[in-house]
Amino acid sequence: MTSMSRYSATEIEAKWQEAWDKAETFKAIRDASKPKYYVLEMFPYPSGKLHMGHVRNYTMGDVIARYKISTGHNVLHPMGFDAFGMPAENAAMAIGGHPKEWTYSNIDTMVEQMKPLGLSLDWSRMFATCDPEYYGQQQALFLDFLKEGLVYRKNAVVNWDPVDMTVLANEQVEGGRGWRSGALVERRELTQWFFKISDYSEELLDALDTLDNWPAKVRLMQENWIGKSRGLQFAFERTDGAEPISVYTTRPDTLMGASFVGISPDHPISKELEEGNPELAAFLAECRKGGTTEEAIETAPKLGYDTGITVKHPLNPDWELPVWIANFILMDYGTGAIFACPAHDQRDLDFCRKYDLPVIDTFFDLEEPKPVETEAFVPPKEQKVKWINHFAGLDEATGQDAIDATIDFAETAGWGEGVTKFRLRDWGLSRQRYWGCPIPVVHCDTCGVVPEKKENLPIELPDDVSFDKPGNPLDRHPTWRDCACPSCGAPAKRETDTMDTFVDSSWYFARFTAPRAETPTVAEDAEYWMNVDQYIGGIEHAILHLLYSRFFARAMHICSHLPESAKEPFDALFTQGMVTHAIYQTTGGNGRPVYHYPADVEDRDGKTVLKASGEEVQVIPSAKMSKSKNNVVDPVDIISAYGADTARWFVLSDSPPERDVEWTASGADAAFKHLNRVWNLCDKIGAMDPDANGQGDEDLLREMHKAIRDVTLGVESFGFNASIAKLYAFTNTLAKSKAGAAAQKQAIMTLAQLMSPMTPHLAEDIWAHQGGEGLVINAPWPVADEAMLVEAEVTMPIQINGKRRAEISVPKDMPKEEVEKLVLAHEAVTSRLEGAQPKKLIVVPGRIVNVVI
RNA sequence: GCCCGCGUGGUGGAAUGGUAGACACAAGAGACUUAAAAUCUCUGGGCCGGAAGGCCGUGCCGGUUCGAGUCCGGCCGCGGGUACCA
C-alpha cells in the first residue's frame, strides 16, 4: 500500500495542543446559558515526578471532561498542587536545600510532564497550596471558624522521640522506634488546635444517605468511622466515698458479668494516683511507650495495674469490683472508663485470664449452652440468646432487646441514662513543623491566645530557616516569632505550629471556582460552579480527606463562603484503583532498607539486580506506588517513545478503573500498534473513490450504532475498559468491511468521535483528514439510532438441568409457547427425555431455556 | 486488633442471577518477503477422544435457586484505611 503519510504522534500531538490553546477550548468562563459541569481529580502532591497513577487518574477525568464538552456542557476542569507536607522537609534534611525551592521545582517538572498528555485543563486556574495567596485565604478561613466557635484548643497526645526531642508523624515511627534516632517512642501531651467536627457527627452521618452517586463502600466506611452508638452511662460508687467513676458501655445488658472497672492510663484518677507512687509511675510510663496509632494501641500486649480502689456494683451494693488501669482503654472515647465483661468481650477475657480476674457468663447460646473458657461468646446483636438471672427479667431475647431493656430499667430506677455517642473525634490540626500553613494566632502574656488581624494576612513563612537540627525551625528562628499583640500591642509571640495538610486539601475544590480572589471564595462563582459534579481519586482517601472536606464545606457555609447547596461538595465520587508495582529493596549500611526505582533495576541470569552495580535486589510483591518506596514508573518514557495518546489509551484499556492495576512494561507497544492501525485505516478510507459502492453498508452502520451505544454507556458508567474493548471490535469490523466509501467515511468519523475522549489528538487528526467541520472536541457527541439496534433473530441456549446442551435461533419476539414447542422437539431434548415429560420448563424470553428432567 | 474491599486461562481482564473466558497481551502455526521488520490470516481453560461428544473448571467449604463468577454463611490469601504519609 502506498501510504500518503505516517502516524507521527509527536507531530500531531503538538499540533492539536496548539490548536486547543489558540481556541482557548478549555478555558472555563461562567455562562448561564449552558449547563455547567465541574470535573475534578484529586490534586497531586508534588513528589517530583509524575507517575502512572497520576496519568491514570487524570486521563479518567479527562475522558469525562471531554465527553461532557461534546454533550454541550460548560466544563470546569482545573489542576493544582497539594504542596505542603513532610517530604519537602525530609528532602531538605537529606540533601540540603529549601522545602520551598524543592517544592516549586517539583511543580515545574510535573507541569512540564503533564502538559504533553493533552489534558483538557484550564491551566489559568492553577495554584499550589503553598502559595501565600492560597494559604493566606486559608488563614482567613481559620479566623472565621475561630469566631464561629468551630476551632478550639485542648491537650492531645503525640508521638515523642526522647532522643531527637521532637514530635514524630505516625509514618516516622517504625516498630515503636523513631525512624532517625531509633529511640523508643513515647506518647506525650501537647496543647493543640482542634476543629469541632464532632459537633457535626450526626449530620455527617445522616447526609451520607443523600450521596447516591458515591460508592456504597465509601459511605459504609464513613458510617463506621463516625461510629454512632447508643449505650448506657452510669457511675460506680467508690467504697472510699471519693468521686464516683463514670463509665459508658454499649453492652449494659452484660452488667451482671462485670469483672472489674477499667480506667485509661490517661484518666484523671490514674494521674492523681501517680503522684508519690513510683511503681504506678513506672507502669504508666510503660503504658505510654509506643506510637499513638489505633493499631499500635489495639495490638499492644495487654497491661494492667490494680489501683486498690474498689467500687460497688450498681445492682448489688454488697458486690465490690476492683478498679484496674488498663492500657487498651482510650481516654478519647466515652468517659475513659469501662466495666469489663470478659465472658462476652475477647479483649476483656484476655485481660482477665492474664490477671486472674473472674469470668461470669451472662447468657448462653440457645443450641449449645456452655461456659466461656478461652474464647469469648460474642454473638451478633440480632441473635437470640438464653439469659442467666437477668435483672430486667429477660429469658430468651436478642442482645439488642436486652440492651434496650437494660437502658429502660436503669433510667426508671434512676441510676443510669441512655446516651448516644460517636466514635468520631475532633480533628487535631496543629503540626509542629515548618512546611505548612502558619496558624494565625499570637500568644500574649496579658491577653492570652489572640487571633491575628485579617489585614495582617497572609502570615508568611520565613525563608531563612535551616533543617540541620530536628524539630520545628520556626521555634528556633531568631525573629519570626516576635510580633505585637493584635489586642493590646505589647510584644508577643506568634504560634509556631502549622496546619495539618488535610486542611489545605479540604477546600481547594471551592477555591478553584475563583482562584485569584482576595477572599476565600466569590459568591457568584461558587454559586455557578459548585458542586463538583464528578470527583475522582484514590480509595485511600475514602475516609479522612472526604470527611474533612464535607465538614469544611459546612463550616464554610456557616461563614458565608459557600452556598447552602454546597454543604455536600461532591455530587458524584469515583474511587479509582491504585497503580501498583513490585518494590525493589536492598539493605543500606545502617541496616535500614534502601528502595530502588524500577528503571534502575534489570533482570540478569534470572536474578534481579541493580543496573549500576550488579548488586542483587530483593523483589517485594506488588504494592501501592509510593514515593517513599520508589516503586514508580516514569510515564515520560512512555510518552516520548509512543506519544500521549498511546499512554492514555493504554492506562484506560486493560483494567477496570476501580481496580488496582499492576504496571508492566508490555502492552504499551500493543496500544501503539492499534492506534497505527486506526491511522492507516483513516488513510485508506480517505483514498477511496468517494462514489465507490460496496456491500454491507447497512451491516457496517448497524455495528456503528451499536458501538455508539456501548462506548457511550461505558464512558458514562466509568467502564472505560469496556468502551475500549468495543472500540477494538468496531475497528476490526470496519477494517474488514467491504462497504461503500460513504458508509466507511461515516464509520471512521464516528470512530474518531468515539475515540476522542481517550485519544484526543489522533481523533482531531482523523476528523480533519476526513474533512470534518471545526474541531472534533466541539462536534456534538453521536447518538445511537434505536431503529438500527434492533436484532431480528436471537440465539437461545438450551439448558438441560442447568447445563448447556444445545442452542436454537428464533425470531426476537416469538411467543413463549412457540419456543417451548421448538425446544421440546429438539433432538438434544428428546434424546434425553426418552418420551417422558419434563418436570419443569423455564423460558426466559430472548435469553435462555432450561429443561428440568 | 478493628473497619472496607478484592480473588476468573500463561497474563490484563469480560459477563442486568441466564451460553464463563468478550476485548487485548504473550505464545504457536501460516501468508507476504531473498531475509528480517512491519502487516495480514488462523489456533488456543484443563483432561479424555481421530471426530462427534463427554467430564472437570471463576481461592476453599457449605447453602439458596430451574439456573450461582454473581446472592447468603463460614474459612484462607492479598490489598486499602486505622485520625501526624498524602
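Convention: sequence-line order gives letters A, B, ...; per-chain numbering from 1. The structure displayed is predicted, hence computed values, not measured ones.
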| request: Under the side chain to side chain donor-acceptor pair (under 3.5 Å) rule, collect the residues that match up with A/Glu295, sequence neighbours excluded. | output: none
| remark: Taken in chain and number order and not counting sequence neighbours, the residues that satisfy side chain to side chain contact (heavy atoms under 4.5 Å, CB included) with A/Ala641 are none
Taking only N/O atoms, report every protein-nucleotides 39-49 of chain B pair under 3.5 Å with atom names and distance.
residue: B/C40; atom: OP1; partner: A/Arg677; partner atom: NE; Å: 3.0

| request: Could you pull out all residues at least two apart from A/Phe720 that satisfy ring pair (Phe, Tyr, Trp, His ring centres under 6.0 Å)? | output: A/Phe718
| Residue-level proximity of residues 715-726 of chain A to RNA chain B when a heavy atom falls under 4.0 Å | A/Asn721, A/Ala725
| Which residue pairs pass the salt bridge (Lys or Arg N to Asp or Glu O under 4.0 Å) test with at least one member in residues 715-737 of chain A, sequence neighbours excluded? | A/Asp710-A/Lys726
| query | Knowing that exactly one of A/Phe502, A/Phe43, A/Phe84 qualifies, which makes a ring-ring contact (aromatic ring centres under 6.0 Å, His included) with A/Tyr508? | reply | A/Phe43
| task | Could you pull out all residues at least two apart from A/Glu793 that satisfy side chain to side chain donor-acceptor pair (under 3.5 Å)? | result | A/Ser809
| request: Apply side chain to side chain donor-acceptor pair (under 3.5 Å) to A/Asp350 and list each qualifying residue two or more places apart in sequence or on a separate chain. | output: A/Gln346
| said: For RNA chain B, which residues of residues 839-846 of chain A approach it to below 4.0 angstrom with any heavy atom? | reply: A/Lys840, A/Ile842, A/Val844
Expected rows: protein N/O vs nucleotides 27-30 of chain B N/O, under 3.5 Å:
none

Identify each atom pair where a protein N or O and an N or O of nucleotides 57-59 of chain B are less than 3.5 Å apart, giving names and distance.
none

| task | Mind checking side chain to side chain donor-acceptor pair (under 3.5 Å) for A/Trp507 and listing every partner two or more places apart, or none if nothing turns up? | result | A/Tyr134, A/Gln138
| request: Starting at atom CZ of A/Arg832, determine the distance to atom C1' of B/C66, rounded to an integer number of angstrom. | output: 16 Å
